[in-house]
Amino acid sequence: MGIIKLIIGLPLLLILLVFAFVNNDMASFSLWPLGIEITVSLSVAIVFLVLIGYILGWFFTWISYGSVRSSLRAHKKENKKLSKEQEKLVKEMEGLHNNIENMKAATVIEQKPTWKDSIKKAFGIRNNTPTK
């Protein structure tokens, strides 16, 4: 976008400056409500008015994008808030994974009872293994 502005802006600026300095006659400007009359070179008046137009255009463009800048600030604030929340949740999830791993390591793996053990239990038969 910047190169396009440069390609269009430089020739226009060059044409404007050539036009301003070729018209080097004196011109009178009266400021009607104040009753002031100013006599200046026409080239100075042209450059001054173009500069004022540029500044006003820049200012009104800046004003018109105020809502966009405000929205951008709000989005940045929300993104920071969500990033902090995401970091908190990631840490919590890592803690939960560590807890699961610790529980797996601490839990004794119980053997599944065989069908013989299930029958003995159902009929109340005890193992008659001698104890010392």
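Only this structure's heavy atoms are used, side chains among them; waters, hydrogens and symmetry mates stay out.
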Minimum-distance pair of heavy atoms, taken over all atoms of Leu6 and Pro11
O-CD, 4.1 Å

Taking all atoms of both residues into account, what is the closest heavy-atom pair of Leu42 and Asn23, and its distance?
CB-O, 3.4 Å

side-chain hydrogen bond (donor to acceptor under 3.5 Å, both in side chains) contacts touching residues 55-72 (sequence neighbours left out):
Ser71-His75

To the nearest 0.5 Å, tell me how far Ile46 CD1 sits from Leu51 CG.
13.5 Å

CD1 (Ile36) and CZ (Phe29) are apart, to the nearest 0.5 Å, by 14.5 Å

If Ile, Leu, Val, Met, Phe, Trp and Tyr residues are connected whenever their side-chain heavy atoms lie under 4.5 Å apart, and connections chain through other members, are [X] and [Y] in the same group?
X     : Y     : answer
Leu17 : Val44 : no
Ile4  : Ile7  : yes
Phe59 : Phe48 : yes
Phe60 : Leu49 : yes

Could you check if a side-chain atom of Leu14 sits within less than 4.5 angstrom of a side-chain atom of Leu10, using non-hydrogen atoms only?
no

Heavy-atom distance under 4.5 Å between the side chains of Ser43 and Asn24, does that happen here?
yes

Can you confirm whether more than 12 heavy atoms, excluding those of Met103, are under 6.0 Å from its CE atom?
no

Apply side-chain contact (heavy atoms from CB on, under 4.5 Å) to residues Leu12 and Leu16 and explain how you reach the verdict.
CA-CA 6 Å; Leu12 286 175; Leu16 175 75; over 6 Å; no

Under 3.5 Å, side-chain donor or acceptor atoms of residues 80-96 against the rest of the protein: list the pairs with distances, not counting sequence neighbours.
from	atom 1	to	atom 2	distance (Å)
Ser83	OG	Asn79	O	2.9

